[in-house]
Amino acid sequence: MSLGWIRFRRGEFVLATDWHIEPGQVSVLFGPSGAGKTTTLRAIAGLEKPHDGHVEIGGRVVFDSGRRIFIPPHLRRVGYLTQQTYLFPHLDVVSNIAYSLPRNRRWAGDEHIAKLVSDLRLEGLENRRIWELSGGERQRVGLARALAARPELLLLDEPFASLDSELRRALRRELRSMLDETPIPVMLVTHDREEALALGDEVQVLDSGRATAKGVPLNVLGQPGQGEVARLVGVENLLRLTVTARYPPDGTMVCEGHGLRLEVPLRDNSGERQMPGAREVVTVGVRSSDIILATREPEASSARNRFQGQVVSVELRPPGYEVTLDCGVELRCHITARALAEMNIVSGQALWAVFKASSCFLVSDYKSNCDK
Amino acid sequence: MSLGWIRFRRGEFVLATDWHIEPGQVSVLFGPSGAGKTTTLRAIAGLEKPHDGHVEIGGRVVFDSGRRIFIPPHLRRVGYLTQQTYLFPHLDVVSNIAYSLPRNRRWAGDEHIAKLVSDLRLEGLENRRIWELSGGERQRVGLARALAARPELLLLDEPFASLDSELRRALRRELRSMLDETPIPVMLVTHDREEALALGDEVQVLDSGRATAKGVPLNVLGQPGQGEVARLVGVENLLRLTVTARYPPDGTMVCEGHGLRLEVPLRDNSGERQMPGAREVVTVGVRSSDIILATREPEASSARNRFQGQVVSVELRPPGYEVTLDCGVELRCHITARALAEMNIVSGQALWAVFKASSCFLVSDYKSNCDK
Amino acid sequence: MTIGRKGKHHRLTGVVFPGRIAGMTKVPVLGVLGAASTTMCVLFVGLPVAALCIRAVREERLLTSLTSESAMTALRLSLVTSIAAMVVILVVGTPFAYVLARGKSSLLRVLDGLVELPLVLPPVVAGIAMLMAFGRGGILGPALEATGISIVSTSIAVVFAQLFVAAPFYIRSAKLGFQSVLLDYVEISQTLGVSPWRTFFRLTLPLAGPSIITGIALAWARALSEFGATMMFAGNMAGRTQTMPLAIMTAMETDLAIALALSALLLVVSVAILSGLSIASRRNWQSRS
Amino acid sequence: MTIGRKGKHHRLTGVVFPGRIAGMTKVPVLGVLGAASTTMCVLFVGLPVAALCIRAVREERLLTSLTSESAMTALRLSLVTSIAAMVVILVVGTPFAYVLARGKSSLLRVLDGLVELPLVLPPVVAGIAMLMAFGRGGILGPALEATGISIVSTSIAVVFAQLFVAAPFYIRSAKLGFQSVLLDYVEISQTLGVSPWRTFFRLTLPLAGPSIITGIALAWARALSEFGATMMFAGNMAGRTQTMPLAIMTAMETDLAIALALSALLLVVSVAILSGLSIASRRNWQSRS
Amino acid sequence: GGGPAGQINQQTRELEVFAASSLSGVFTEIGARFESAYPGVRVKFNFSGSQRLRTQLEFGAQADVFASADDVQMQLARDAGLLAGDSVPFATNSLMVIIPTGQAGRGPSIISLQHLAQDGVKVVIAQPEVPAGKYTRLVLDNLSVDSQTFGPEYAERVLRNVVSMESNVRSVVHKVALDEADAGFVYATDVSGTHVSDHVRTLPIPRDANVVAVYPVAAMMASQHLGLASEFVSFLRSEEAQIILSEHGFGRAPR
Ligand SMILES: Nc1ncnc2c1ncn2[C@@H]1O[C@H](COP(=O)(O)OP(=O)(O)OP(=O)(O)O)[C@@H](O)[C@H]1O
Ligand SMILES: Nc1ncnc2c1ncn2[C@@H]1O[C@H](COP(=O)(O)OP(=O)(O)OP(=O)(O)O)[C@@H](O)[C@H]1O
Ligand SMILES: [Mg+2]
Ligand SMILES: [Mg+2]
């Protein structure tokens, strides 16, 4: 188990974050470039000394600013895969991996090492010099090296960044099964939403050093409540609207603007009640994949929000296409290739965008492009 | 414009590839870790000397093994962003970017540099020392440095690997608009299918040094014809079936196996006719996103392939969910979160998988898991 | 963050120096070893130097002997010849060191093992060897005589002697410096269209800077103290070949106090130059990239 | 790929050495400069050494003088004392160099600028300074006499003299070596649970290896040729303080030919050791990571 | 110091004198006298060990005059055909024993030459290969012959007390002056400097047991100003020069 909090200043940049990870759980650090993710990992590993904080790893306090405790990095038992894999240039692949082992085990062809080599698909590279490796091979050697030390906490800074999707998926599975065998807490930095969702038991969104959101990945990254988070995780439609009516009994309110009239639920996805005042200006988020396109106005549908608009553009966005519709404000809708083909969508065509009230969510402190 | 071919041996590893890129076009090199992507870029840049080959950049022959031509790297006018960004440690950010400029322009606050700094969102970091940068910031400085030299060919080795999705999308747009302004050919290495599709005008799939597929990204990565490629780009369902009947008039054939009976088109997506013999064993690929799930057997549907099966598992796979259905063989289907919620899919439930004949494609030389 | 607040912060939390944990870790055994070795080195070198300076300062004729014309002449000659030697070493030694660092031929490997060879000869023997090579009766003697060039007993001979004993130090350090510059940097510089020549000046040289300056300091210090080879090859003529060390040795024949005073002068001048070089060699960049 | 095919390949395509383009690029001006500087260095050092060796070999008494007991005694003493000096330099100088490389205190910065100071003193003056520090009448004289230790005129004094003149070379090189080890490597080693102490031996030392061995070669060569300070501080007693350089100088008083023969012997022995060190210092790793 | 500035003109001739190190003090003075006696002449000295000077000359160093501290080196130079004519002696030197002044209370006190043979006395001498070392042994042998005062074992016992042999006589002087030894055998001229006389006492060696080292001088074959060189050689034997030499502790030139 690992928990703690830190506060760290570097000039203007202030990092304040906390975490609590159970063994076998993966906590994802998500955030834009320069948010302080690497700094957080370094502080936990003991490579930076935060100004204030308390860090526990495996039940041991390794840092406490109040009690003047600072356990040096080599006694913290963390495995840290750094963003740039600094492999030791004087050692070959297998010696790099076995670096942390005592000498006798290192040369005995340790089976833990052998298992790491095969799990990370490094067979045949054992005796390569490290400058004879490709980028992805280096990253895997680095991961194996970090795991070989049998850490009590795993810190991974974009471990799968230069791997192809196949290998990435395989290693993700590998990591999961390793965690099932020997459950240790993992803190994982990633930019990849899919990775965060696939691996994370919890996600924390960092922005400019502040934790702006935290929780179950699906909640945080699925219907993110905060503007920055929403933008980061890719909520495509953010609408600046004015609350015109609230209907507490059926749990929705009506927001208007740009010629649109939206029904929005009053509770957010965590069940908490949101109570913007009447005539307050709010930002409403709708994911492009939650919008249905139709050639005719759908009748007798339960979907409360329907708007007609003209197709502005159709762009490839795997696994489907993104259709931008001008309904007073631009709405981006994600549809499958099949739907595109069947509906024969072309630029300029008039279409209906349909989505349910429950697909809308309030986003705080976000200035949409429309208001700039 | 850049074109050429190279053949390069390194022990067992043999790289053989060719390319032809028009100005303003992006050619994507796609392939698993260790495929030889970086080696290709290095050879084009003049950092490795291939055993055989012919390389032209901007109409100039820079390498020709037959004519004993080898132009050294600094005269080739390539901009090469390496996989690991080696920023010059003795220079600050802006000096790194302006490194290639003649001295007088470097100190004059060149506007090209200023534009690069702002395009790559590096404002405020100009005078930072490079060890004060985060991983993503470094990558952007490296990109700016490569662009500052105004190359005639851009070689990018995973340029957006450590950037968040927001920044990645922004920079992709930036790159596109730069190419519109000054059209130069670009060769881009990436592991990200989305990136390949969004940026690539052409894609070449490398595997163990061999080019296994080449063409328009949507064709190669959308309905990839080759087993390895299919696996790489994530065609989830690969079925090993036997051709039982061919109906040339309506352009389909029937393949059977594992208790399934599929209709498969006889033409592949590039319009070329495929003619497997009768009773030949073939591999048929179906993308999970092309499969529709239904609770009842759809009636009067044009979809030719319908199979009933039991839900084995439901897994999150953004932007939706992946449902695995056991219909004799496991079929993976991708559906939206909305569909999942509306259909109330749970494990063990019986469902229909429906897909059109045109969603199926033949995959060559692939051994599916079922046969192992 | 003001200094005041920083101080307060320390008092509150007791965590001193937040920030990157340096490479020097706070493990007791390393600290003790480091401190012990530092003390030993400082004492071992410091005591003799201090003794020498104390003795020199006690001497009432210190000032007169230091400002005497002959002392000034010798100091000037020492500086001029050692600077000339350093210029030659830089100009010729730098390419040689670069070739040693980057070259791959087996001839270079053999040479590489022999760079220190001139150091092994006692300087006087080196001086004799140089006489046998460049003297009138030496190997090149007839050739030099034919061209009318005479080296022995001139200031040029002093420079030659200094070159012989000092160059290996520079070449070695510079070679290490060039070797420490990652080829990846060089490669990137070239793909940026910067020629190897400019790459050398803009990239390799700055990155190898600390090693190069260290080499200069070592070689320069050695050249400045050169005595045996100079005496043998160049002689000991005031104003022409009598450098500070020779002046010191000559003074020792008559008056040790003056010799010590001159030595102290040499030390003071050197401290100034060495400190300057040390500041210049301080790398203002870390090697993280 | 067989050698035969490789050769054939060359003939077919004319592209020599496919593979990574080395840092030494084929730009003419650099090649010419490198070749010119190499030639100059080789000639400048090689001519005197060659002249010396030729003269030594011509001498008919060469063999007898080389195998004379006094020559062997001196050679043995030289080797023993210089090895002892190197051991002390390694043991004490290595931590000091490490502290200089990684430490941040301003005291260390001052020291750092003064490492070369002992080199600036002409060795004889250094010997006198050491007498004034460690001799009977020196600063530590009373203290040493009280403990019954006498250094002057013993083999220990020879080691002391060699330490004084040779240590700066080692310390400087080792410092450069330690500085060239990226802190990132050290950090990673520590997060892998490897203590700073083991990190030093498993990581820092191997990575700094070439610099360290270069330092050993420089310091050892200098120690082996040490004459002035030894002569002054240790004296010139055969078997006790008469090292090879002193034996050479003694021989020079009576017979130059013998002196030259002894010098050639010293050179030969040194070539063996220096070549060994040079092979050991060849880095078998590139610094790409 | 040089001559009056006005006398230096185009006609300035340089006389290069290679002289033994021990002559550095006295020759500087004599050189100044010579320059004022011969306007337009500059005397340049190259002071070094006699043997090293001879080696330099052999390998082609240019000199007009060679003044050696040792007849052996002069002989070798003559054999090598370097001399123009024959060498002439211009000064003599003899040995004496020096004792550090500041050694009260330490070890056996030394007030006479006999004490040098006591156990525990630390004696330094020059190595036998250099003239001073050769002379030291001669003196010791001479003293041993005088069995009444010193006894036949004297030389042996003193040599047993030798803690260090020095490569040159200056090292002996410095070791004694720095209190590193209890006694040392040096040239009489070595003690003339004020600095040394502050730190050492002298013990004279009986004239009949002492040796007389002769300093020879010669003009060089290769000299460009052979006449001037001969003038300098004669000047050294002039009364004026002899007075300066004796001021520095040298004995008069044997006629
Ligand atoms: N040594 C340093 N000195 C000063 N500022 C630094 C230093 N290291 C990082 N920074 C700054 O601190 C902030 C946080 O950096 P950090 O490396 O933690 O970002 P990150 O979240 O890991 O970003 P990325 O995803 O780009 O790697 C950035 O703004 C960066 O510029
Ligand atoms: N210097 C080298 N010596 C020997 N083999 C090498 C060397 N560099 C790379 N290789 C090998 O050559 C193959 C191709 O390497 P390359 O770097 O081109 O792969 P890549 O496609 O860029 O992979 P990645 O996506 O992991 O970066 C790999 O199998 C690698 O192990
Ligand atoms: Mg980071
Ligand atoms: Mg690569």
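Note: hydrogens, waters and symmetry copies are ignored here, and every other heavy atom, side chains too, is used. Each chain gets a letter, A, B and so on, in the order the sequences are listed, and its residues count up from 1.
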What option among C:Pro123, C:Ala101, C:Cys41, C:Ala36 has the most heavy-atom pairs under 4.5 Å with chain D?
C:Cys41
Hey, are the side chains of C:Leu266 and D:Leu121 touching, using non-hydrogen atoms and a 4.5 Å cut-off?
no
What part of C:Ala217 is in contact with chain D, defined as an atom under 4.5 angstrom from a non-hydrogen atom: side chain, backbone, both or neither?
both
Measure the spacing between OG1 of C:Thr39 and CZ of D:Phe96 and express it to the nearest 0.5 Å.
9.5 Å
Who among D:Gly215, D:Ala223, D:Ser263 has the most heavy-atom pairs with chain C under 4.5 Å?
D:Ser263
So which of C:Ile248, C:Val165, C:Asp112, C:Val271 has the largest heavy-atom pair count under 4.5 angstrom toward chain D?
C:Val271
Non-hydrogen atoms of chain C under 4.5 Å away: do they reach the side chain of D:Leu100, the backbone, both or neither?
neither
Which atoms of D:Leu262 approach chain C - backbone, side chain, both or neither, heavy atom under 4.5 Å:
neither
Looking at chain C, which one of D:Val125, D:Thr204, D:Thr214, D:Leu277 has the largest number of heavy-atom pairs inside 4.5 Å, strictly under?
D:Thr214
Spatial distance of atom OG (D:Ser37) from atom CD1 (C:Ile171) [nearest 0.5 Å]
8.5 Å
If you count heavy-atom pairs within less than 4.5 Å of chain C, which of D:Ala50, D:Gly113, D:Ser195 leads?
D:Gly113
Working to the nearest 0.5 angstrom, can you tell me the gap between C:Ser275 OG and D:Arg109 CZ?
13.5 Å
Whatever's closer than 4.5 Å to a heavy atom in chain C on D:Arg55 counts as side chain
Sort D:Leu246 into side chain, backbone, both or neither according to what part of it lies under 4.5 angstrom from a heavy atom of chain C.
neither
Residue by residue, scan residues 224-233 of chain D and write down, ordered by number, those that have a heavy-atom distance under 4.5 Å to chain C; if none do, write 'none'.
D:Leu224, D:Ser225
Non-hydrogen atoms of chain D under 4.5 Å away: do they reach the side chain of C:Leu117, the backbone, both or neither?
both
How many angstroms lie between atom CG of C:Leu33 and atom OH of D:Tyr98, to the nearest 0.5 angstrom?
11.5 Å
With a 4.5 Å heavy-atom cut-off (strictly below), which parts of residues 127-135 of chain D touch chain C? List them by number.
D:Ile128, D:Ala129, D:Met130, D:Met132, D:Ala133, D:Phe134
Between C:Val124, C:Val110, C:Leu108, C:Thr94, the one whose heavy-atom pairs under 4.5 Å with chain D are most numerous
C:Val124
Pick one of side chain, backbone, both or neither for C:Met252, based on which atoms fall under 4.5 Å of a heavy atom in chain D.
side chain
Return the option, out of C:Leu119, C:Leu47, C:Val120, with the maximum number of heavy-atom pairs under 4.5 Å with chain D.
C:Val120
Heavy-atom distance under 4.5 Å between the side chains of D:Leu176 and C:Ser180, does that happen here?
no
Can you tell me which portion of D:Leu218 sits under 4.5 Å from chain C's heavy atoms? Options are side chain, backbone, both or neither.
both
Which residue out of C:Met40, C:Arg172, C:Glu116, C:Met244 racks up the most heavy-atom pairs below 4.5 Å with chain D?
C:Glu116
Pick from C:Ala259, C:Gly276, C:Pro245, C:Ser211 with the largest number of heavy-atom pairs that fall under 4.5 Å of chain D
C:Ser211
So which part of C:Leu140 gets closer than 4.5 Å to some heavy atom of chain D, the side chain, the backbone, both or neither?
side chain
Of the options C:Val45, C:Val49, C:Leu267, which is the one that meets D:Pro118 in a side chain to side chain contact (heavy atoms under 4.5 Å, CB included)?
C:Val45
With a 4.5 angstrom heavy-atom cut-off, could you sort out which part of D:Val42 is near chain C: side chain, backbone, both or neither?
side chain
Side chain, backbone, both or neither of D:Met249 within contact of chain C (heavy atoms, under 4.5 Å):
side chain
At a heavy-atom separation under 4.5 Å, does D:Leu111 approach chain C through its side chain, its backbone, both, or neither?
side chain
